[in-house]
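Note on naming: letters A, B, ... go to the chains in the order of the sequence lines (proteins, then strands), and numbering restarts at 1 for each one. Remember, predicted model here, so these are calculated numbers, not experimental data.
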Number of protein chains: 2
Amino acid sequence: MVPTTGESGEMPARSRRADAQRNQRKLLAAAADVFVTSGVDAPVREIAARAGVGMGTIYRHFPTRADLVVAVYRHQVEACAEAGPALLASADSPFAALRQWVGLFVDFLVTKHGLATALQSDNDGFEALHTYFIDRLVPVCEQLLDAAVDAGEVRPGTRAYELMRGVGNLCVGGDGDPRYDPRRLVELLLRGLRRPRTS
Amino acid sequence: MVPTTGESGEMPARSRRADAQRNQRKLLAAAADVFVTSGVDAPVREIAARAGVGMGTIYRHFPTRADLVVAVYRHQVEACAEAGPALLASADSPFAALRQWVGLFVDFLVTKHGLATALQSDNDGFEALHTYFIDRLVPVCEQLLDAAVDAGEVRPGTRAYELMRGVGNLCVGGDGDPRYDPRRLVELLLRGLRRPRTS
DNA sequence: TAACATACGGAGCACTGCTCCGCTTTGTCA
DNA sequence: TGACAAAGCGGAGCAGTGCTCCGTATGTTA
């Protein structure tokens with residue numbers, strides 16, 4: 001997570017050359033395009049070419065592939081994280097909130113070709129991606145999960161980290177095969193979380 | 001699944017040169033070693049070197065990486081497949097049998113570094129591996145699942161294929177991280193399968 | 001405009017998967 | 001036993017990757 005100054009916002013970020021800012025923007029746009037087409041593990045050269053910059057430039061702005069992926073999806077991950085407390089406040093019960101929130105996360109993952117795979121890849125260069133998702137989303141999930149446990153809707157004993165990784169794993173391979181629907185399995189997993197007797 | 005004549009058994013497989021058989025055996029042994037050390041996606045060169053043969057030889061015997069992986073693990077997969085009916089006969093209930101059988105499968109996967117990852121990799125060269133596992137194990141799982149549904153222990157609506165892939169996915173990344181235990185999540189998944197009221 | 005820090009670009013290296021074909025080994029048959 | 005196909009072998013070599021390095025170009029500042 002080295003660069004990404006300005007959070008893709010409007011502040012000019014003084015002391016940064018204009019062409020550098022321009023290139024970073026071009027890179028982000030190009031990457032977003034290419035990720036849709038070829039997945040998040042598309043060749044670096046392809047992204048650089050699409051952005052009209054050289055190899056060196058892409059690595060200077062995004063030292064790790066994960067940095068680029070994170071930068072591209074940061075907004076959506078952030079939105080997902082912020083939705084947690086909101087759902088907890090608006091839903092009928094903590095468990096309902098948890099279910100809706102997990103649904104949000106699953107929707108995000110399955111619509112990004114290859115993201116789920118990358119997320120649990122032991123490949124170097126994706127470690128930071130993994131870390132970012134975990135750091136940002138596990139606390140949110142924990143809050144929802146704890147609330148559901150406190151409300152007696154969910155058996156204690158499951159940690160948010162494990163749940164998140166499980167859900168992420170279930171989302172792998174969810175495109176193109178009608179016989180495999182991550183949503184159904186995630187639903188099963190959540191059902192397995194429930195307390196037997198909801199008095 | 002082109003070669004593998006003789007199922008690594010003792011029959012000489014007439015009409016096959018002695019050195020070819022020898023090399024195939026060496027290759028299987030070397031691959032088994034290397035898979036433990038470096039995972040099933042170890043460099044082909046490494047396996048060839050370990051076996052003391054050239055690149056050409058490995059590709060002649062095992063045109064696809066999946067062919068080699070399947071050949072190495074065929075015995076264990078076969079054993080797992082055959083355990084299905086046996087468990088159904090011996091266990092207290094169909095659901096118990098299903099749970100034990102899934103446990104067997106999970107144990108197999110998590111002890112093979114990288115196998116679970118390879119299994120759901122969209123990488124070419126692993127497709128045949130995927131196919132083999134599905135073809136061999138899904139019918140077994142289906143038998144157990146159907147029995148559990150018939151016994152009223154499990155809600156209908158889940159297909160064996162989906163369950164198998166879900167379980168396989170959950171097994172990814174199960175080594176080295178004490179915070180992620182595939183077994184716990186698989187247990188959750190199975191619990192989610194159960195019928196609410198077991199009259 | 002001059003001068004300097006900053007950033008760019010892509011040649012190049014290392015490492016893969018996989019193929020191709022000249023050479024070697026094996027089995028057979030007289 | 002010797003010779004000769006056929007079967008099999010080996011590894012050079014190509015193509016596609018990730019990532020680095022440094023000579024060159026560009027922006028910025030005075």
Side-chain angles (χ1 to χ4, degrees), chain A residues 2-6 12-28 30-31 34-35 37-69 114 117-118 121-129, chain B residues 2-6 12-28 30-31 34-35 38-69 114 118 121-129:
Chain A
V2 178
T4 322
T5 321
R14 235 52 72 120
S15 83
R16 194 113 187 277
R17 260 170 58 167
D19 54 348
Q21 299 178 46
R22 199 168 35 223
N23 277 331
Q24 176 153 331
R25 245 176 288 126
K26 284 198 286 184
L27 239 11
L28 278 174
V34 172
F35 286 172
T37 310
S38 316
V40 296
D41 50 2
V44 181
R45 278 171 175 82
E46 187 180 338
I47 300 168
R50 170 78 76 123
V53 306
M55 298 285 304
T57 301
I58 199 170
Y59 279 105
R60 194 169 318 103
H61 283 285
F62 305 100
T64 286
R65 173 177 235 96
D67 296 316
L68 182 53
V69 178
T117 305
S121 159
D122 53 357
N123 193 346
D124 306 348
F126 277 133
E127 288 166 17
L129 179 65
Chain B
V2 177
T4 324
T5 322
R14 231 53 69 125
S15 84
R16 197 116 187 273
R17 262 170 56 168
D19 54 348
Q21 299 178 48
R22 200 167 37 227
N23 276 330
Q24 177 154 329
R25 245 177 289 126
K26 283 197 287 184
L27 238 10
L28 278 173
V34 172
F35 287 171
S38 315
V40 296
D41 50 1
V44 180
R45 277 172 175 82
E46 187 179 339
I47 300 167
R50 170 78 75 124
V53 306
M55 298 285 304
T57 301
I58 198 169
Y59 279 105
R60 194 170 318 101
H61 284 285
F62 305 100
T64 286
R65 176 178 233 96
D67 295 317
L68 182 54
V69 179
S121 158
D122 53 358
N123 194 346
D124 306 349
F126 277 134
E127 287 166 19
L129 178 65

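Atom pair B:Gln24:CD and D:dA7:C1' shows a separation of 15 Å (rounding to whole Å applied). Remark: P of D:dG18 and CG of A:Leu68 are 12 Å apart, rounded to the nearest angstrom. Going from atom CZ of B:Arg60 over to atom C1' of D:dA6 covers 13 Å, rounded to whole Å. A straight line from CG of A:Asp67 to P of D:dC19 spans 11 Å, rounded to a whole angstrom. Taking atom CZ of B:Phe62 as the reference point, atom C1' of C:dG17 lies 17 Å away to the nearest angstrom. One atom, CD of A:Glu46, and another, C1' of D:dG18, lie 14 Å apart when rounded to the nearest Å. Here the P atom of nucleotide D:dT17 and the CZ atom of A:Phe126 are 14 Å apart, to the nearest Å. To the nearest angstrom, P of C:dA7 lies 17 Å from CD1 of A:Ile58.
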Listing time: all N or O pairs from protein to nucleotides 13-16 of chain D that are below 3.5 Å?
{"residue": "D:dG13", "atom": "O6", "partner": "B:Arg45", "partner atom": "NH2", "Å": "2.9"}

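Remark: B:Asp122 pairs with no residue by the side-chain contact (heavy atoms from CB on, under 4.5 Å) rule, at least two apart or across chains. When the side-chain hydrogen bond (donor to acceptor under 3.5 Å, both in side chains) test is applied to B:Asn123, no partner is found at least two apart in sequence or on another chain.
Under 4.0 angstrom from either OP1 or OP2 of C:dG9 there lies at least one side-chain N or O belonging to A:Thr57. Close to D:dC9, at under 4.0 Å from its OP1 or OP2, lies a side-chain N or O of B:His61. Regarding contacts with the backbone of C:dC8, a side-chain N or O of A:Asn23 is found under 4.0 angstrom from either OP1 or OP2.
To the nearest 0.5 Å, atoms CD (A:Glu127) and CZ (A:Arg65) are separated by 14.0 Å. Atom CG of B:Leu27 and atom OG1 of B:Thr57 lie 7.5 Å apart (nearest 0.5 Å). Taken from CD in B:Gln24 to CZ in B:Arg60, the straight-line distance is 11.5 Å, to the nearest 0.5 Å.
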>> Protein within reach of the bases, or only the backbone? For nucleotides 23-30 of chain D, mark each nucleotide 5' to 3' as B, S or -, using heavy atoms under 4.0 Å.
In response: ---BSS--
Using a 3.5 Å cut-off and no angle test, enumerate the donor-acceptor pairs between side-chain atoms of residues 47-56 of chain B and protein atoms at least two apart in sequence or in another chain.
{"residue": "B:Arg50", "atom": "NH1", "partner": "B:Asp33", "partner atom": "OD2", "Å": "3.2"}

N/O donor to acceptor pairs below 3.5 angstrom from side-chain atoms of residues 38-45 of chain A, sequence neighbours left out:
{"residue": "A:Ser38", "atom": "OG", "partner": "A:Glu46", "partner atom": "OE2", "Å": "3.1"}

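Each of C:dG17, D:dG18, D:dC9 was ranked by its minimum atom distance to the side chain of A:Arg65; first place goes to D:dG18.
Within the 4.5 Å cutoff, the side chain of A:Leu28 has heavy atoms near those of the A:Phe62 side chain.
Among the atoms of the strands shown, none is found under 4.0 Å from any heavy atom of A:Ala49.
Between B:Val53 and A:Gly56, the residue anchored closer to the 5' end of DNA chain D is B:Val53, taking for each the nucleotide with the nearest heavy atom.
The minimum heavy-atom distance linking B:Arg16 with B:Gln21 is given by the pair O-NE2, 2.9 Å.
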